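As the structure is a prediction and not an experimental result, all values here were calculated from the model. Each chain gets a letter, A, B and so on, in the order the sequences are listed, and its residues count up from 1.
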There are 2 protein chains.
Amino acid sequence: MSLPAVDWLRGFPALGELPETERSSLAGTAMAMSLPAGASVFAPDQPCGMFILVCSGTVRVFQLDPAGNEIVLYRLGPGSICILTTLALLASDSYSAFAVTESPVEAVGLPAATFHDLMGRSSQFRSFVFNAQAARMADLMAVIQNVAFASIETRLASRLLALAADGRELSITHAQLAAEIGSAREVVSRHLKTFERRGWVSLGRGRVELRNAAPLRAAARSAH
Amino acid sequence: MSLPAVDWLRGFPALGELPETERSSLAGTAMAMSLPAGASVFAPDQPCGMFILVCSGTVRVFQLDPAGNEIVLYRLGPGSICILTTLALLASDSYSAFAVTESPVEAVGLPAATFHDLMGRSSQFRSFVFNAQAARMADLMAVIQNVAFASIETRLASRLLALAADGRELSITHAQLAAEIGSAREVVSRHLKTFERRGWVSLGRGRVELRNAAPLRAAARSAH
DNA sequence: GAGCGCCGGTGACTTGGTCACAGACCGTGA
DNA sequence: TCACGGTCTGTGACCAAGTCACCGGCGCTC
């Protein structure tokens, strides 16, 4: 089903400047996708044949090893594209990463043919795609820095702040937080307990409330 | 200085199939680069304005944090391109990564204009670039898996095997090995000592000799 | 309200990282 | 050839993080 271009293109300023011919090529073949929370967007055994642009909601991209260890690589929000499906389209390579929607997601899918066509015709489109690549690459490099050299306290504090965004309360279990930072539940539990003793957060079953962001921010910044 | 196309294009099978017009565009503007061992190819404060193809030698790409911790992200060998300079060309983003030659390197640099032109004109060239992107992305994801979940023994054994390639002897210090796997020198020293006690390697100052690859391979494969 | 599954808390232990320091090796120059 | 300085390696003590085993509490359903 094709869509009126104006609706969703608004969410992608970089694409709004495409010449009219390319814009109509986009609009003519784009498919609306509507996914519930918890849907799999991409998995090693289930490659995705489309170029996906996220309009609303978020997608969590993570790795899972044979032992069941999980670590979050990055998140895609409105205005982002899924670079792993893009690379899979272009490079015929498969990944060990998973992508799952965290909330209901509205997205637009471009068929591979349209995608290839635009990559050839529009330098704006190319730079849009490459900017996304570069951002994801930077995300991965930041994850490497963190898991290799940052303390759990630093990583936990900064992840709490990032997940809370503006809200002061998180609905998340200790096990999920452990998967966020690539650590173990017990370790996260213990650190959260000390955060609570210091009055930085208060805890409930499946719930973390930030009570004092300032020291959390300081802990997130501290090198060690 | 331009080069005879046949010389260096041979190292890039994916580019050999370009149509004649694109091939001559490549050959006409390519610059030969010759770097000694230990030269900086790319650094956060010293971005590189060219698209670089490595013809011979290897380049080590690594991250360095303010505390001086180092971790190797991946290596570029003959036939690879430097994706970070590519992304920097295309995405106007800067990275916290460093790239240093490990041996004398012969390379070919394409000016940004030629690169952009080819990206627009040749789907083969695009897929060459995207394949490289995908490979680097996979490298980073493997690094994340390793630092997050693999034991030092596993990481050290597999790195020794990878660095040795066919040769049985490595010229490398414990500190360099620690930087390879993102750990600390003392930790590497201790594990190497136990490897030696088990007869897997023998050690000398700045030297590791592999004496029994089979158990090393087993250790490298073991999940834990 | 009994049972069940998920969630959080905790102790004991292992592994890995940090710190401080000592001794060994090796090139250089007196 | 010998002393010196820098680099490299080895080690003990300690701390931080990950693992394992287990428990009790919470909330849901039947």
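Ion pairing between B:E180 and B:R75 holds under the 4.0 Å rule for side-chain N and carboxylate O. Between A:R190 and A:E153 there is no salt bridge, since no side-chain nitrogen of the basic residue lies less than 4.0 Å from a carboxylate oxygen of the acidic one.
Between the side chain of A:T101 and the backbone N or O of A:G38 there is at least one donor-acceptor pair closer than 3.5 Å. Checking side-chain atoms of B:N69 against main-chain N and O of B:D65 turns up no donor-acceptor pair under 3.5 Å. Here the side chain of A:R211 pairs no donor or acceptor atom with the backbone of A:W200 at under 3.5 angstrom.
A donor-acceptor contact closer than 3.5 angstrom is absent between the side chains of A:E106 and A:S56. Using a 3.5 Å distance cut-off with no hydrogens or angles, the side chains of B:E196 and B:S202 do not pair a donor with an acceptor.
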Verdict with supporting geometry, B:F125 and B:F130, ring-ring contact (aromatic ring centres under 6.0 Å, His included): CA-CA 9 Å; B:F125 189 76; B:F130 273 106; over 10 Å; no
Residues A:R205, A:R207; criterion side chain to side chain contact (heavy atoms under 4.5 Å, CB included); working and verdict: CA-CA 5 Å; A:R205 188 187 174 85; A:R207 190 182 57 78; over 6 Å; no
From CA spacing to verdict: ring-ring contact (aromatic ring centres under 6.0 Å, His included), B:F62, B:Y74: CA-CA 7 Å; B:F62 59 97; B:Y74 51 82; over 10 Å; no
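Look at CG on A:L170: it is 17 Å from C1' on C:dC7, rounded to the nearest Å. With rounding to whole Å, A:Q176 atom CD is found 12 Å from C:dC6 atom C1'. Rounded to an integer number of Å, the gap from B:L156 CG to C:dG16 P is 10 Å. Atoms CZ (A:R155) and P (D:dA17) sit 9 Å apart, rounded to a whole Å. What separates CD of A:E70 from P of D:dG18 is a distance of 16 Å, to the nearest Å.
Contacts between residues 190-214 of chain B and DNA chain C, defined by a heavy-atom separation under 4.0 Å, are made by B:R190, B:H191, B:R205. At a non-hydrogen distance threshold of 4.0 Å, B:S183, B:A184, B:E186 from residues 178-186 of chain B come into contact with DNA chain C.
Residue B:H174 has its side chain nearest to D:dT9 when only D:dT9, D:dA17, C:dG16 are considered.
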Enumerate the protein-to-nucleotides 27-29 of chain C contacts in which both atoms are nitrogen or oxygen and the separation is below 3.5 Å.
none

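A cation-pi arrangement is absent between A:R198 and A:F195, since the terminal nitrogen or guanidinium carbon is not both under 6.0 Å from the aromatic centre and inside a 45° cone about the axis.
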